[in-house]
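FYI, side chains are in, hydrogens and waters are out, and symmetry mates aren't considered; it's all heavy atoms of this structure. A quick note: this is a predicted structure, and the numbers were derived from the prediction, not measured. Atoms within each ligand, like the ligands themselves, are counted from 1 in listed order.
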Amino acid sequence: MSTDPSQLEKSAKRVFIETLGCQMNKADSENMFGLLGEIGYEQTLDEKNADLLVLNTCAIREGAEEKVYSYLGVWGKRKRKQPNLMIAVGGCVAQDKGESLLTRIPYVDVVFGTHNLHRLPDLVMQAQQEKRQVAELFQELPEDLPELPVIRQSDLSAWVSIIYGCDYNCTYCIVPYVRGREKSRTPEVIEKECLELAASGYLEVTLLGQNVTAYGHDLNPVIHLGDLIRRVGKIDQLKRIRFMTGHPRDLQDGIIDAINEVENACEHFHIPIQAGNDRTLKRMARGYQVDFYKRLIEKIRSKMPDASITSDLIVGFPGETEAEFLDTVRLVEDVAFDACNTAAYSPRPHTHSASWEGQVPESEKFERLRYLNAVIGEVSNRINKRYLGRKVEVLVEGLSQRDASRVMGRTRTNKIVNFDGDVSLKGKLVDVEILSANTWALRGSLCATARATANIK
Ligand code: SAH
Ligand code: SF4
Ligand code: F3S
């Protein structure tokens with residue numbers, strides 16, 4: 001069935017999208033807004049005003065999946081009062097559960113997966129016109145990746161997906177199951193998108209993928225992330241190029257060199273190690289040992305001493321002993337991470353380790369998590385104090401949430417900086433002198449020279 005906007009009612013309808021999960025989902029939701037815009041849906045920020053509610057779901061941990069059912073519970077009540085309200089569920093839980101969601105939750109109208117976003121308008125129209133539930137899932141992305149319309153949620157900083165899927169098979173992780181095999185977009189389409197972003201005033205792009213450091217291995221000719229960064233880096237109007245998430249094993253020298261040499265590439269490396277113990281890493285099937293990771297960090301820091309290094313860490317992986325857990329704590333201190341996302345291991349469907357013996361009791365996992373977070377907090381605090389007295393370049397994102405006389409922005413190393421200023425600074429690159437620092441953020445004062453030039457964009 002084809003999308004024919006003329007079949008729709010003339011008056012604009014409104015869509016509200018709730019996005020759970022990672023940056024990939026955020027980027028996908030921007031495509032959903034773009035796609036639904038083409039059949040006459042405008043975005044609303046208030047779900048009470050919506051004609052269509054879309055839930056973009058995450059399956060990474062049980063807690064993330066539970067959120068899906070609690071959102072749908074609330075939306076179900078809303079639908080009882082507003083029977084024409086349509087509800088669509090997409091993303092990673094939808095990809096995993098598929099049609100069964102329609103039976104489990106009979107008031108859901110549309111289920112679509114991670115590989116057929118481009119079909120969303122058709123599926124919504126089909127459910128509307130045929131007045132029935134519709135589910136469609138693809139096992140893989142289409143051979144020719146469709147270029148999707150997009151309505152971005154920020155006018156400053158843009159997500160640019162460069163590679164989809166993940167070819168690793170970490171024993172705890174559901175992502176390969178719900179996101180499929182790696183598939184890179186061509187450098188030509190990525191460059192075109194970045195040029196358009198620069199032309200519309202964007203100053204920052206984040207090159208996105210579950211495994212961006214594997215970018216380009218499936219292209220002909222083969223290229224790597226460093227080549228792409230050099231290419232996108234030539235776009236002068238883009239002041240900051242970021243990338244997320246990298247896998248330590250694929251972070252080859254050519255990528256590190258490109259980040260070092262390309263002026264607008266930011267020196268922030270989010271390269272999750274997951275655990276600080278070799279036996280655990282092996283059982284996670286991560287494909288490297290702690291020593292390899294430490295050498296990688298040394299390599300980065302020898303070229304970029306001020307680079308920030310962040311990681312994801314899992315505690316309570318099945319069979320992880322107390323001593324092995326303490327290796328992770330030690331690693332945090334040895335490496336001195338700028339920040340870490342931490343999580344208690346959660347057994348997931350379609351993963352090997354879910355059925356292993358030696359599952360760590362919940363109470364023990366949370367005790368480990370609490371302890372690890374406390375250490376990470378101390379280390380972050382120590383690192384952030386190094387910024388005291390320094391002048392840093394800040395891209396101002398807008399007014400501070402807490403205090404309207406302040407603005408908030410980020411350093412190239414992705415540190416949050418708050419300082420006195422007004423909304424006219426939004427979207428400006430300014431120099432800020434750092435006067436205080438804690439675990440989560442830096443505080444400073446706009447430098448005099450920056451005050452004079454702040455209005456020149
Ligand atoms: N591709 C990235 C991470 C993707 S998932 C990488 O390989 O590093 C984001 C994070 O979720 C992971 O880094 C991991 O720390 C966490 N995660 C994944 N599966 C998990 C599980 N079953 N339980 C707890 N945390 C998990
Ligand atoms: Fe999951 Fe591992 Fe792939 Fe990361 S590399 S998405 S943790 S399977
Ligand atoms: Fe979650 Fe899917 Fe991202 S499982 S972390 S939304 S790829």
- Message: Under 4.0 Å, counting heavy atoms only: does A59 come that close to any atom of ligand 3?
- Response: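 So A59 counts as touching ligand 3.
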- Message: Just by distance, no angles: are the side chains of H217 and D250 close enough, under 3.5 Å, to form a donor-acceptor pair?
- Response: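 There is no such pair between these side chains.
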- Does any donor atom in the side chain of T413 or Y387 lie under 3.5 Å from an acceptor atom in the other side chain?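 Side-chain D/A pair, T413 to Y387: present.
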- Region of C22 that comes within reach of ligand 3 [heavy atoms, distance under 4.0 Å]: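 Both the backbone and the side chain of C22 come within reach of ligand 3.
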- Atom pair CG (L225) and CD1 (I255), whose distance is rounded to the nearest 0.5 Å: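 Answer rounded to 0.5 Å: 5.0 Å.
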Near [X], which atoms of ligand 3 are under 4.0 Å from a heavy atom of that residue?
X	answer
N25	6 (S)
Q210	3 (Fe), 7 (S)
R179	7 (S)

- Query: For ligand 2, which atoms sit closer than 4.0 Å to a heavy atom of H247?
  - Reply: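 The list of qualifying atoms is 5 (S).
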- Query: By number and element, which atoms of ligand 2 are closer than 4.0 Å to a non-hydrogen atom of Q210?
  - Reply: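 Result: 6 (S).
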- Message: Tell me if the aromatic rings of H247 and Y288 count as close, with their centers under 6.0 Å from one another.
- Response: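 They qualify: ring centres under 6.0 Å apart.
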- Message: I'd like to check V108 versus L101 (side-chain heavy atoms, cut-off strictly below 4.5 Å). Are they in contact?
- Response: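 V108 vs L101: side chains apart.
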- Task: Could you check which of I60, D167, V175 puts a non-hydrogen atom nearest to atom 6 (S) of ligand 2?
- Result: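 Looking at heavy atoms only, the winner is V175.
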- Message: Heavy atoms only: which of Y168, Y177, Y172 lies closest to atom 7 (S) of ligand 2?
- Response: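 Selected option, by shortest heavy-atom distance: Y172.
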- Tell me which part of C170 gets within contact of ligand 2: side chain, backbone, both or neither, using heavy atoms under 4.0 Å.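 Answer for C170: both.
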- Task: With heavy atoms under 4.0 Å as the rule, classify the contact between P272 and ligand 2 as side chain, backbone, both or neither.
- Result: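 Looking at P272 and ligand 2, no heavy atom falls under 4.0 Å.
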